[in-house]
Amino acid sequence: MKVKLDIPCPNPTCTDRTSKTWHHASCGGAIWMDDEGFLECEKKDARYFIKHWSFACSKHPGNYYQPNATDLSYALGLAVMASGSNRDTMKWLVNLSAKIMSDWERM
């Protein structure tokens with residue numbers, strides 16, 4: 001399963017905690033996440049494990065931050081809470097978070 005990456009900014013110093021759909025800076029293509037923790041641009045041949053991506057939002061444009069596992073787990077946790085009563089989405093995000101944490105060091 002793939003979904004558009006729709007999480008808050010994973011930079012822990014960022015004050016914007018609203019979820020947003022992320023786009024690839026070089027081409028504007030939407031970023032998709034699979035259930036293995038890989039991110040992929042819909043326009044470019046760019047597919048890497050999430051820890052190899054950097055993020056910059058409107059609160060810190062051009063200031064890219066490469067999150068650690070804790071930062072990403074926090075952002076995914078906020079996405080889980082935002083999913084409300086959608087149990088399938090919540091379950092998928094919880095499983096994805098566990099997968100990312102278990103694969104972090106070996107990827």
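Only heavy atoms go into these numbers, but all of them, side chains included; no hydrogens, no water, no symmetry mates.
- Rounding to the nearest 0.5 Å gives a distance of 8.0 Å between CD1 of I31 and CZ of F55.
- Residues Y65 and D71 are in side-chain contact: their nearest non-hydrogen atoms beyond the backbone lie under 4.5 Å apart.
- Using a 4.5 Å heavy-atom cutoff, the side chains of L72 and P67 are in contact.
- Counting all heavy atoms, side chain and backbone alike, S58 lies closest to P61 at O-CD, 3.3 Å.
- For the residue pair S19 and P8, the shortest heavy atom distance occurs at OG-CD, 3.5 Å.
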(Q) Under the criterion side chain to side chain contact (heavy atoms under 4.5 Å, CB included), I'd like the reasoning laid out for M33 against W22: C-alpha separation, chi angles, the key distance, then a yes or no. (A) CA-CA 10 Å; M33 176 184 277; W22 291 86; over 6 Å; no
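- The number of heavy-atom neighbours closer than 6.0 Å to NZ of K91, taken from other residues, nucleotides and ligands shown, is 12 or below.
- Remark: C14 SG to N63 CG distance equals 10.0 Å, nearest 0.5 Å.
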Run the side chain to side chain contact (heavy atoms under 4.5 Å, CB included) test on C57 and K20 for me, step by step, so that the C-alpha distance in whole Å, both residues' side-chain angles and the decisive distance to 0.1 Å come before the verdict. CA-CA 9 Å; C57 74; K20 59 191 68 39; 4.0 Å; yes
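- With rounding to the nearest 0.5 angstrom, the CD1 atom of I50 is 11.0 Å from the CD atom of Q66.
- Looking at W32 and R47, their side chains never come closer than 4.5 Å, going by heavy atoms from C-beta outward.
- Residue L5 holds its CG atom at 10.0 Å from NE2 of H23, rounded to the nearest 0.5 Å.
- H24 is not listed as a side-chain neighbour of K43, based on a closest heavy-atom distance of 4.5 Å or more.
- Here the shortest heavy-atom pairing between I100 and G37 reads CG1-CA, 4.0 Å.
- Summarising the geometry of W53 relative to E40, their closest heavy-atom pair is CZ2-N, 4.3 Å, with the distance given to 0.1 Å.
- Residues T21 and K4 come closest through the heavy atom pair CG2-CD, 4.0 Å.
- Side-chain atoms of K51 come within 3.5 Å of backbone atoms of W104 as a donor-acceptor pair (strictly under, hydrogens ignored).
- In this structure, the side chain of R17 engages the main chain of C9 through a donor-acceptor pair within 3.5 Å.
- In this structure, OG1 in T18 is found 11.5 Å from CD1 in I7, a value given to the nearest 0.5 Å.
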